[in-house]
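Okay, structure first, notes after.
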Amino acid sequence: MNLIHNFAHILEKIKSDKPLVHHITNYVTVNDCANAVLAIGGAPVMADDPREVEEMVSIASSLVLNTGTLNNRTIESFILAGKKANTLDIPVILDPVGVGATTLRTETVKRIIDEVKLTVLRGNMSEIMNINGTKAITRGVDSTDDTMAGGREVAQSLSKRLGCVVAITGATDIVSDGTKVYYIQHGHEMLARVTGTGCMTTSLIGLCCGTKEIPIYGAMLGIVVMGAAGERAYEENVDEGVGSYRVKLMDAIGNFSVQQINEGEKIYEG
Amino acid sequence: MNLIHNFAHILEKIKSDKPLVHHITNYVTVNDCANAVLAIGGAPVMADDPREVEEMVSIASSLVLNTGTLNNRTIESFILAGKKANTLDIPVILDPVGVGATTLRTETVKRIIDEVKLTVLRGNMSEIMNINGTKAITRGVDSTDDTMAGGREVAQSLSKRLGCVVAITGATDIVSDGTKVYYIQHGHEMLARVTGTGCMTTSLIGLCCGTKEIPIYGAMLGIVVMGAAGERAYEENVDEGVGSYRVKLMDAIGNFSVQQINEGEKIYEG
Amino acid sequence: MNLIHNFAHILEKIKSDKPLVHHITNYVTVNDCANAVLAIGGAPVMADDPREVEEMVSIASSLVLNTGTLNNRTIESFILAGKKANTLDIPVILDPVGVGATTLRTETVKRIIDEVKLTVLRGNMSEIMNINGTKAITRGVDSTDDTMAGGREVAQSLSKRLGCVVAITGATDIVSDGTKVYYIQHGHEMLARVTGTGCMTTSLIGLCCGTKEIPIYGAMLGIVVMGAAGERAYEENVDEGVGSYRVKLMDAIGNFSVQQINEGEKIYEG
């Protein structure tokens with residue numbers, strides 16, 4: 001399968017090039033994001049002061065913007081770093097955490113989308129629906145509304161409108177570059193019982209896209225690594241609990257290999 | 001025992017309603033707090049920008065204020081979110097981390113107490129003594145001064161004065177609503193060797209109070225969950241070390257059930 | 001061996017005095033730093049608002065400054081707390097994370113060095129080279145450039161110039177007080193696959209120096225604890241993965257004893 005070949009190629013480039021992923025992110029899950037990027041061979045860097053983000057992103061391979069705990073300082077930095085990344089053709093990945101929950105989040109995400117050209121936008125169904133202008137209610141930063149109903153259309157049309165890959169993650173993940181649409185059914189319900197699995201997925205997408213390979217494959221691989229690791233962690237953990245699951249999850253992220261997903265039976269184009 | 005029945009009822013409501021707990025908290029233990037809330041079935045959200053906290057708290061079931069790493073931004077947000085929560089009858093839980101250690105902490109906690117009606121105040125003995133105006137020295141954010149001498153009187157009188165539940169945690173926890181006073185002897189000394197166990201207790205109280213059941217039972221249950229989990233984690237860990245203990249602790253928080261505390265032998269009214 | 005005796009003495013003082021280590025640090029690895037300090041018997045406190053850092057450092061045994069995610073607030077606090085510590089003879093440890101990667105970091109570290117008398121400066125080779133004015137390229141916050149070529153001279157001359165202990169950590173760690181130079185060969189390559197091991201080393205140095213024993217021994221012991229723990233964690237973990245390794249690492253930090261390094265065979269003066 002061609003997809004598996006692409007994934008293997010991206011993983012090899014991560015190991016050899018060790019892409020530096022500049023994060024402007026929240027203080028809740030930032031440590032998990034750093035460890036996830038390190039685990040599969042990348043190099044994370046976090047810097048959010050407006051006076052340094054343009055310089056930092058200039059030496060990075062990709063930029064991850066995450067609105068989890070946004071404030072004046074990070075909002076200004078989102079824009080400065082995003083624009084700088086655009087001028088240098090550095091991929092920009094946006095995780096619009098909690099968009100729709102507050103006006104500040106909605107307006108900040110809108111501003112980022114207006115002023116920065118994104119490479120990949122990843123969110124849960126309610127976040128993506130909100131950005132798309134589809135009526136949806138965001139409750140906090142998590143969403144269980146992962147129905148596929150309408151997901152295909154939203155991913156594809158939003159992708160076309162923004163000119164970027166759109167990834168909607170949930171029980172089934174939907175990824176589109178505006179033309180193709182892929183569904184990914186890796187994952188485990190335990191992933192929702194640990195904070196940061198969404199943020200880590202975005203960071204892994206940032207790492208994969210930092211190889212400068214085709215963005216939709218980078219986005220898919222980031223999602224596949226987290227999903228497959230979530231499955232493996234459950235097999236290794238079973239009934240211990242969420243603390244142990246989290247540890248096994250990080251083990252599994254670091255130990256991921258394409259062999260684990262065989263011929264990609266849980267990934268299909270539709 | 002009626003207490004056990006109340007605890008079971010709160011736990012059921014957590015599972016069914018998945019209360020959203022809005023935190024304005026420190027960046028040291030925030031990830032642990034989010035995971036603790038998720039572990040037993042709640043939904044954590046962290047937001048600290050003054051421009052969004054009123055909106056965020058409006059969709060939350062409870063509000064946790066923690067002064068661990070306070071600054072201009074969070075102090076303003078404490079007040080705005082706290083007042084908004086009051087107008088909407090959303091429970092407010094305060095963890096006055098390090099009050100007494102610096103003037104900024106002391107004045108901020110005083111300001112919160114003056115301007116926001118609390119539902120539960122939880123601290124260690126030196127923090128609560130400081131708020132009560134009893135002479136006590138706070139050394140950093142931890143306290144080993146968990147003597148019960150005077151604790152009963154302080155909890156009860158402060159509770160009456162502030163019109164909220166006061167919980168003093170230590171080797172023996174003391175909880176009062178101004179009328180009743182309960183003692184809880186769950187816990188393990190290893191809990192003091194891991195950062196964030198106090199903050200997590202407060203977040204669990206926030207979650208329990210998010211069910212809108214009687215606050216003193218919510219406060220007690222949050223403390224009981226952490227204490228019983230601390231005991232269970234020790235049984236599962238024994239001699240491995242503090243890293244493993246921390247993992248087992250999160251397992252035990254997620255696996256807590258009222259059966260674990262039997263008839264409540266370690267809880268007594270006094 | 002005299003060194004081992006010094007280490008044992010410092011560890012005993014940590015257990016008996018429980019030094020309070022005030023951190024002004026980044027939000028990425030702060031939780032790990034707090035847990036590392038707690039693990040071996042110290043008390044961590046994090047406070048970064050300019051209005052409280054002078055008071056907080058006044059009750060502390062040592063001060064750790066870490067530039068990992070610096071901003072306006074923390075930069076001002078670095079200087080205020082550092083100067084206050086100097087007037088009170090409280091040891092100041094600097095971890096110049098990412099110096100050289102951006103102008104803001106370089107200028108901030110320069111300003112700290114100009115205005116605050118350091119007790120210990122700990123960084124990786126590229127960071128120390130940058131501070132020394134030796135041509136080196138910092139890429140993000142990590143460095144694999146741990147060659148010993150030139151390290152001895154840089155450590156020794158920079159130590160003399162700044163009047164503080166300089167520690168360069170890498171595959172071989174180099175520590176100098178300007179006169180003596182020590183090499184430490186504890187550690188394991190897995191340490192580089194986990195975020196925060198450098199920051200934790202600095203916090204451990206802060207804790208050891210908080211005993212007010214001779215700084216070079218405090219600096220060495222902090223490095224030795226992390227290195228020996230890294231070895232032990234690998235023995236206990238082997239093939240599980242980075243998540244499990246991280247847990248075992250914290251166990252090993254907490255379980256460290258001088259017996260573990262025998263007669264100090266991996267430490268030599270040169």
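Only heavy atoms go into these numbers, but all of them, side chains included; no hydrogens, no water, no symmetry mates. Each chain gets a letter, A, B and so on, in the order the sequences are listed, and its residues count up from 1. As the structure is a prediction and not an experimental result, all values here were calculated from the model.
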Glu55(B) side chain to Thr103(A) main-chain N or O, any donor-acceptor pair under 3.5 Å? yes
Taking all non-hydrogen atoms of both residues into account, name the closest pair between [X] and [Y] and its distance.
X         : Y         : answer
Met46(B)  : Arg105(A) : O-NH2, 3.5 Å
Val242(A) : Ala39(B)  : CG2-CB, 3.7 Å
Arg193(A) : Gly254(B) : NH2-O, 4.0 Å

By side chain to side chain contact (heavy atoms under 4.5 Å, CB included), which residues pair with Asp173(A), not counting sequence neighbours? Thr169(A), Ile184(A), Ile223(A)
According to side chain to side chain contact (heavy atoms under 4.5 Å, CB included), who are the partners of Asn35(A), at least two apart in sequence or on a separate chain? Asn31(A), Leu38(A), Met250(A), Val194(C), Thr195(C), Arg246(C)
Residues of residues 74-83 of chain B under 4.5 Å from chain A (heavy atom pairs)? none
With a 4.5 angstrom heavy-atom cut-off, is it the side chain or the backbone of Thr29(B) that approaches chain A, or both, or neither? neither
Going by the side chain to side chain contact (heavy atoms under 4.5 Å, CB included) test, name the single residue among Val28(A), Val30(A), Thr69(A) that passes it with Val30(B). Val28(A)
Enter the distance from Glu54(B):CD to Leu104(A):CG here, rounded to the nearest 0.5 Å. 12.0 Å
Not counting sequence neighbours, list each pair that qualifies as a side chain to side chain donor-acceptor pair (under 3.5 Å) and has a residue in residues 40-50 of chain B. Tyr27(A)-Asp48(B), Asp48(B)-Arg73(B), Asp49(B)-Arg51(B)
